[in-house]
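Data block below; observations after.
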Amino acid sequence: MSLNEKQPLLPRDDPVAKSPPLWDRRTPPTINMSVNNDGSRATTRSASPELDQSAMSPTRAPIEYKPHAAEAKDHHNLYQRTKYYSRLAPANKSSLLLAPKHVVPLNFFVIGGGKPGSQSSLVTILSLWNTMMGTSVLAMPWALNQAGFTTGIAIMIGMATLTFYTCYIVMTSGGGGRLNGEDVEFAEVVKYFLGDRYYYVAVIFSVFTLVGVSAVYWVLMSGFLYNTVDFFHDPHVHNTTLIPDPAHNGTFIQPDPDESWHHVWSKKYVPIYLVIILFPLVNMKSLTFFTKLNALGVLSIAYIIFFVIFNAAQPEDRDSPSGGFHMDHAVEFKSSFAALTGVLCMSFFIHNGCLSIMRNQRNPHHNTRDLFLAYLLVCATYLLVGVTFYCSFKGTEATGWKDGIESNLLQNFSKGEDTYIYALVAQLFLLFQMITVYPLLNFILRFQVMTLFDMPPWPSFWHVGGLNCGVTIICVLVAVFYPNIGTIIRFTGALCGLAYIFALPCMVKLEQLKREGRSSKLQTALHLGLIAIGVANVIGQFLLKPS
């Protein structure tokens, strides 16, 4: 079989193909064409004498071709027809020429070739799970305690259901990542249905979310770096006997065996030291190296799950904050349950990245199933970590029993305890993983900010450096003066959840139903009720006082 028979859209050995029409009698570029193993076409070409070499691109699809005003009318109509057929591509196909053979003239050829969706359902589910599973898992036992044991479990299941439904709206309204023949994100879907005003709202709230996540990362990395260096500097626990304070009569202090070290290496200064490591990384133009380390996220979460289960299986008499089964002082309901709903908004947040992951699905008709299974897996992971650590946490009367659970579960372990070394390994693992992920977060933040001002992702070093300086200053100030990740996560989650989880998807759904003529009072009432839940969630963050 000849190459022309395999690829019917390539030039054929035909007199018509060898004699270009009058409107295209320029010297054509030299085309070197080959067929890859997967059947796609790879081509290179050299510029013709009439064309500027800088204007040439290595590959080019017909949809990118723009006819000149002087060209014949039938040529322009052909271009419009091929553009129309290209927009009929399914969600998992690239926007190549998909016109039928009888529409394509004999002298027309296709350059380049996009690969169809090659992502299996298993990869899609794990990608969604890995993206949602972030720093929130460390705060899950604390958040569960804020709502009470039974109430917290019910809220987790309810929030997983609500966020799955609104993410389903995002997926279906965006056509699985492809709308009107073009790759889109949810902000562009909002623009399509609701207009420019809500597009900017979507981008601004997405930027706010990324800044909040960056601040949480900085707080955690500062704590992990402090504990790691402090342990290797002095792994021993010294005498904690109080001695009289010579400067104040009648008071006692704890002696510091290395006062000069702890004066320099303190929790107030470590967030500033972290700038030396991270600021050069976020100013790198290419982040390809960091994208190859995303698999560390899966390993980190897997180790956290192992660590929590391992500690819960320890004997009750072992020197560890968790071990055994301790539910004597558990509380079933607390009025501060809004802290959990705020944290869960961040924990189940995938709405601004759902379309990017789903777009590469090999079988788009499995999208709904895969999204459901991903949410089910995430909810099960949060329940496993939260419930296991809550039930095994010992606590003391002085700390309020279960109220002694820290917003970062690793902070419950202190140097000198039997299982502290396992907690230290977890902190080392997470520190390295977060250092590789933080530049990627900063890149996404930079891309969205520059998009707001119609600028390229890297307009200049000064633009990028100035933005990174602003974000870094915010993160350092939060880590120094308010290193409470539970509060940061719940406020960030509630505010971004109001826009991205509740309001915008529901408004898009109502507008979609209106355009399709399927709007009803029941549908309107249900979706307005979801928006009201988002508003109440934000108000609740300001009214509660976490235990």
Side-chain angles (χ1 to χ4, degrees), residues 134-139 207-235 258 260-287 289-291 293-294 296-297 299-300 303-304 346 406-411 413-415 420 423-446 449 461 464-489 491-492:
T135 56
S136 301
V137 69
L138 298 175
V207 169
F208 172 78
T209 304
L210 292 170
V211 172
V213 173
S214 299
V216 172
Y217 266 56
W218 206 282
V219 171
L220 290 171
M221 287 186 291
S222 300
F224 296 157
L225 182 61
Y226 172 83
N227 293 333
T228 302
V229 175
D230 184 66
F231 177 83
F232 285 106
H233 172 262
D234 188 4
D258 196 352
S260 60
W261 164 257
H262 288 101
H263 179 72
V264 176
W265 192 255
S266 68
K267 293 184 178 180
K268 294 294 183 183
Y269 295 141
V270 171
I272 301 175
Y273 301 153
L274 201 59
V275 177
I276 302 173
I277 302 174
L278 292 178
F279 195 72
L281 298 180
V282 299
N283 285 287
M284 293 175 63
K285 194 169 184 179
S286 176
L287 300 176
F289 171 75
F290 298 104
T291 60
L293 300 176
N294 278 340
L296 291 175
L299 298 177
S300 299
Y303 184 82
I304 292 296
M346 180 66 75
E406 297 283 349
S407 58
N408 175 5
L409 68 87
L410 296 176
Q411 289 180 347
F413 299 86
S414 303
K415 187 166 60 176
Y420 180 70
L424 187 67
V425 171
Q427 294 183 57
L428 272 171
F429 218 134
L430 289 170
L431 175 62
F432 182 73
Q433 184 237 339
M434 290 181 178
I435 288 176
T436 61
V437 171
Y438 183 82
L440 298 176
L441 281 175
N442 208 270
F443 173 80
I444 298 172
L445 174 62
R446 182 176 79 221
V449 170
F461 176 80
V464 175
L467 176 63
N468 291 336
C469 281
V471 175
T472 301
I473 291 173
I474 293 174
C475 294
V476 170
L477 291 176
V478 171
V480 171
F481 296 104
Y482 198 78
N484 190 330
I485 67 167
T487 302
I488 300 171
I489 291 176
F491 271 101
T492 304

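The shown structure was predicted, so the numbers you read here are calculated from the model rather than taken from an experiment.
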Checklist entry - In Å and rounded to the nearest 0.5 Å, what is the OH to NZ distance from Y226 to K268? => result 12.0 Å
Next on the checklist: Could you check whether any side-chain heavy atom of L410 comes within less than 4.5 Å of a side-chain heavy atom of L430, counting everything from C-beta outward?
Outcome noted: yes
Checklist entry - Do Q433 and L299 pass the side chain to side chain contact (heavy atoms under 4.5 Å, CB included) test, and can you show the C-alpha distance, the side-chain angles, and the key distance before you say yes or no? => result CA-CA 9 Å; Q433 184 237 339; L299 298 177; over 6 Å; no
Item to check | Separation between CD of Q411 and CG of L138, rounded to the nearest 0.5 Å | outcome: 9.5 Å
Item to check | Contact check, side chains of L441 and L445, non-hydrogen atoms, under 4.5 Å | outcome: no
Item to check | Flag side-chain contact, heavy atom, 4.5 Å: V471 against W218 | outcome: no
Next on the checklist: So, applying side-chain contact (heavy atoms from CB on, under 4.5 Å) with L274, which one of T472, V476, L225 is it?
Outcome noted: L225
Next on the checklist: Do K415 and D230 make a side-chain contact, defined as non-hydrogen atoms from C-beta onward lying under 4.5 Å apart?
Outcome noted: yes
Checklist entry - Could you give the distance from OG (S214) to CD1 (I488), rounded to the nearest 0.5 Å? => result 11.5 Å
Next on the checklist: Less than 4.5 Å apart, side chain to side chain, heavy atoms only: is that true for I485 and T135?
Outcome noted: no
Item to check | From SG (C475) to CG (N468), nearest 0.5 Å | outcome: 10.5 Å
Next on the checklist: With a 4.5 Å cut-off on side-chain heavy atoms, are M221 and Y438 touching?
Outcome noted: yes
Checklist entry - Would you call I489 and S136 a side-chain contact if the rule is heavy atoms closer than 4.5 Å? => result yes
Next on the checklist: I'd like to know whether I435 forms a side chain to side chain contact (heavy atoms under 4.5 Å, CB included) with F224, so could you lay out the CA-CA distance, the side-chain angles of the two residues, the decisive distance to 0.1 Å, and finally the verdict.
Outcome noted: CA-CA 11 Å; I435 288 176; F224 296 157; over 6 Å; no
Next on the checklist: Can you confirm whether F279 is buried at CZ, in the sense that more than 12 heavy atoms of other residues, nucleotides or ligands lie under 6.0 Å from that atom?
Outcome noted: yes
Next on the checklist: Working to the nearest 0.5 angstrom, can you tell me the gap between L281 CG and T436 OG1?
Outcome noted: 10.0 Å
Checklist entry - Between I444 and L210, is a side chain to side chain contact (heavy atoms under 4.5 Å, CB included) present by the stated rule, with each step listed? => result CA-CA 8 Å; I444 298 172; L210 292 170; 3.7 Å; yes
Next on the checklist: Distance check, rounded to the nearest 0.5 Å: N442 atom CG versus L278 atom CG?
Outcome noted: 9.5 Å
Checklist entry - Are any non-hydrogen side-chain atoms of I304 and F429 less than 4.5 angstrom apart? => result no
